[in-house]
Amino acid sequence: MLLDYDGYISELFAPEDDALMSARAEMLRAAMPEINVSASEGKVLHLLARIIGAKRILEIGTLGAYSTIWLARALPPNGTLITLEINPQYAAVALRNLKRANLSQKVEVKVGPALESLSQLESASEAPFDMVFIDADKEGYPTYLQRALPLLRVGGLLLADNTLPDNVLVRGADSGVKRFNAEAAAHPDLITALVPVLRSRGIDGLLIAVKPGKR
Ligand SMILES: C[S@@+](CC[C@H](N)C(=O)[O-])C[C@H]1O[C@@H](n2cnc3c(N)ncnc32)[C@H](O)[C@@H]1O
């Protein structure tokens, strides 16, 4: 049988263990949409977190914690990840999946609209995050960019999924992702690239940006 390109990469570089397979199975059982990152993209997120030695990660958009598991597994023993989810039913599935992956101690799932959770994080004046991964409602992306940047440390990574939808190719079309891409590309406090990622059906994009320090 012929694999698709993403299947080939995932099988070789991002094989799923029981916890990741069960997480997807639980999401299917709960009739949740299949809009999690692929295994190959999860591995890229994991690798990026390791490369920068991330100890604190913020994720906006949890679903069933599939990407959360990939990211949290890159953390050192004292590392923490906070993930934001608006849907309490999805959050309940995410908590079960995290427990099965032995990650309950490292991961906090904050339930509610991301903008409210971000306000709480701003006023808590905690240590800045090493990495922020944006993967929630697409119209919210430009606002998440504005709100997440002050929470990111200098040298930290800002990542955003689903940044290459078809409508970016339509001149004059407007969307939250198009505005987000334009703002991230031109942002004076970011060095940004948009990397195409494979999906079983076509391609998508992962935006990767670093918040550079002064040289
Ligand atoms: C694409 S899914 C996240 C997928 C997940 N990151 C993964 O790859 O496994 C987007 C999630 O964002 C959540 N979401 C949508 N709008 C939100 C909001 N305003 N605040 C918080 N979460 C939101 C949705 O309920 C959904 O679970």
Side-chain angles (χ1 to χ4, degrees), residues 6 10 14 16-17 19-49 54 57-75 81-101 103 106-122 129 131-148 151 157-165 175-177 180 195 197-202 204-208:
D6 192 51
S10 293
E16 290 177 325
D17 65 359
L20 285 164
M21 276 190 279
S22 306
R24 280 195 300 103
E26 277 288 322
M27 287 189 272
L28 277 180
R29 209 167 297 130
M32 289 161 69
E34 291 178 74
I35 51 174
N36 50 279
V37 299
S38 64
S40 62
E41 192 178 350
K43 183 67 179 286
V44 172
L45 298 175
H46 177 94
L47 210 56
L48 289 170
I57 299 177
L58 173 64
E59 177 180 61
I60 306 177
T62 316
L63 195 68
Y66 184 81
S67 54
T68 320
I69 293 173
W70 279 105
L71 283 166
R73 284 180 167 173
L75 291 167
L81 187 155
I82 296 176
T83 183
L84 315 182
E85 175 53 55
I86 197 168
N87 183 319
Q89 272 112 34
Y90 292 178
V93 173
L95 285 171
R96 286 202 296 278
N97 286 340
L98 290 163
K99 190 168 181 208
R100 201 176 305 103
L103 290 166
K106 280 185 177 167
V107 179
E108 179 188 354
V109 182
K110 275 187 179 289
V111 185
L115 291 180
E116 283 178 19
S117 300
L118 286 166
S119 296
Q120 287 165 16
L121 290 170
E122 281 155 19
F129 292 93
M131 179 185 270
V132 177
F133 176 47
I134 301 175
D135 192 17
D137 52 307
K138 307 310 161 197
E139 276 307 302
Y141 273 35
T143 312
Y144 297 141
L145 174 64
Q146 280 171 26
R147 299 286 295 277
L151 298 172
L157 284 186
L158 180 110
L159 310 172
D161 195 29
N162 306 125
T163 46
L164 213 45
S175 72
V177 168
F180 169 82
V195 182
V197 291
L198 293 164
R199 293 276 195 259
S200 52
R201 291 177 294 268
D204 203 333
L206 176 67
L207 182 135
I208 304 180

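Predicted model, so just to flag it, every value in this text is computed and none were measured. For the numbers below, each heavy atom of this structure counts, side chains included, while hydrogens, waters and symmetry mates do not. First listed ligand is number 1; within each ligand, the first listed atom is number 1.
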Original post:
Does the side chain to side chain contact (heavy atoms under 4.5 Å, CB included) test come out yes or no for Leu121 and Lys110, once each step is laid out?
Top reply: CA-CA 10 Å; Leu121 290 170; Lys110 275 187 179 289; 4.0 Å; yes
**OP:** Just jot down the ligand 1 atoms closer than 4.0 angstrom to any heavy atom of Ile35, in number order.
**Re:** 1 (C), 2 (S), 4 (C)
Original post:
Nearest to atom 4 (C) of ligand 1, what protein heavy atom do you find, and at what distance?
Top reply: Asp135 OD2, 3.2 Å
Original post:
How far is atom 20 (N) of ligand 1 from its nearest protein heavy atom, and which residue and atom is that?
Top reply: Ala114 N, 2.8 Å
Original post:
Would you say Glu139's side chain and Gly176's backbone share a donor-acceptor pair under 3.5 angstrom?
Top reply: yes
Original post:
Is the shortest N/O to N/O distance between Asn87 and ligand 1 below 3.5 Å?
Top reply: no
**OP:** Could you list the atoms of ligand 1 found under 4.0 angstrom from a heavy atom of Tyr90?
**Re:** 25 (O), 27 (O)
Original post:
Would Glu41 count as a contact of ligand 1 if the rule is a heavy atom under 4.0 Å away?
Top reply: no
**OP:** Could you see which bit of Asp161 sits under 4.0 Å from ligand 1, with heavy atoms only: side chain, backbone, both or neither?
**Re:** neither
Original post:
Is Trp70 in contact with ligand 1, taking contact as a heavy-atom separation below 4.0 Å?
Top reply: no
Subject >> Heavy atom of the protein closest to atom 7 (C) of ligand 1 (residue, atom name, distance) >> reply: Ser67 OG, 3.0 Å
Original post:
Where is the tightest heavy-atom contact between Leu198 and Ser38, given as atom of each residue plus distance?
Top reply: O-OG, 4.3 Å
Subject >> Nearest protein heavy atom with distance in Å, relative to atom 16 (N) of ligand 1 >> reply: Asp137 OD1, 3.1 Å
**OP:** Specify the protein heavy atom at minimum distance from atom 25 (O) of ligand 1: its residue, its atom name, and the distance to 0.1 Å.
**Re:** Glu85 OE2, 2.6 Å
**OP:** Give the minimum heavy-atom separation between Leu206 and Leu159, together with the two atoms involved.
**Re:** CD1-CB, 4.4 Å
Original post:
Looking only at heavy atoms, is any part of Pro113 under 4.0 Å from ligand 1, and if so is it the side chain, the backbone, or both, or is it neither?
Top reply: backbone
**OP:** For residues Tyr141 and Asp135, determine if any side-chain heavy atom of one lies less than 4.5 Å from a side-chain heavy atom of the other.
**Re:** yes
**OP:** Heavy-atom contacts with Asn36 under 4.0 Å: which atoms of ligand 1 show up? List them by number with element.
**Re:** 7 (C), 8 (O), 9 (O)
Subject >> Polar side-chain atom of Ser67 near backbone of Gly42 as donor-acceptor pair, under 3.5 Å >> reply: no
Original post:
Can you list the ligand 1 atoms lying under 4.0 Å from a non-hydrogen atom of Glu59?
Top reply: 6 (N)
Subject >> Taking every non-hydrogen atom, the tightest pair across Ala14 and Lys43 >> reply: CB-CB, 3.7 Å
Original post:
Would one find an N or O of Ala136, backbone or side chain, under 3.5 Å from an N or O of ligand 1?
Top reply: no
Subject >> Backbone N/O of Leu63 and side chain of Glu85: donor-acceptor pair under 3.5 Å >> reply: yes
Original post:
Would you say the side chain of Leu71 lies within less than 4.5 Å of the side chain of Met131, judging by non-hydrogen atoms?
Top reply: yes
Original post:
Which atoms from ligand 1 have a heavy atom of Tyr66 less than 4.0 Å away?
Top reply: 9 (O)
Original post:
When you measure from the side chain of Asp17 to the backbone N and O of Leu20, does any donor-acceptor pair fall under 3.5 Å?
Top reply: yes
Original post:
Does the salt bridge (charged side-chain N to carboxylate O under 4.0 Å, His left out) test come out yes or no for Glu34 and Arg24, once each step is laid out?
Top reply: CA-CA 8 Å; Glu34 291 178 74; Arg24 280 195 300 103; 5.9 Å; no
Subject >> Top protein contact for atom 8 (O) of ligand 1, by heavy-atom distance >> reply: Val37 N, 2.8 Å
Original post:
Contact between Gly140 and ligand 1, counting heavy atoms under 4.0 Å?
Top reply: no
Subject >> Closest non-hydrogen atom pair between Lys138 and Asp161, with its separation >> reply: NZ-O, 4.3 Å
Original post:
So which of Asn162, Ile86, Leu71 gets nearest to atom 21 (C) of ligand 1, if we judge by its closest heavy atom?
Top reply: Ile86
Original post:
Is there a heavy atom in Gly112 that sits closer than 4.0 Å to ligand 1?
Top reply: yes
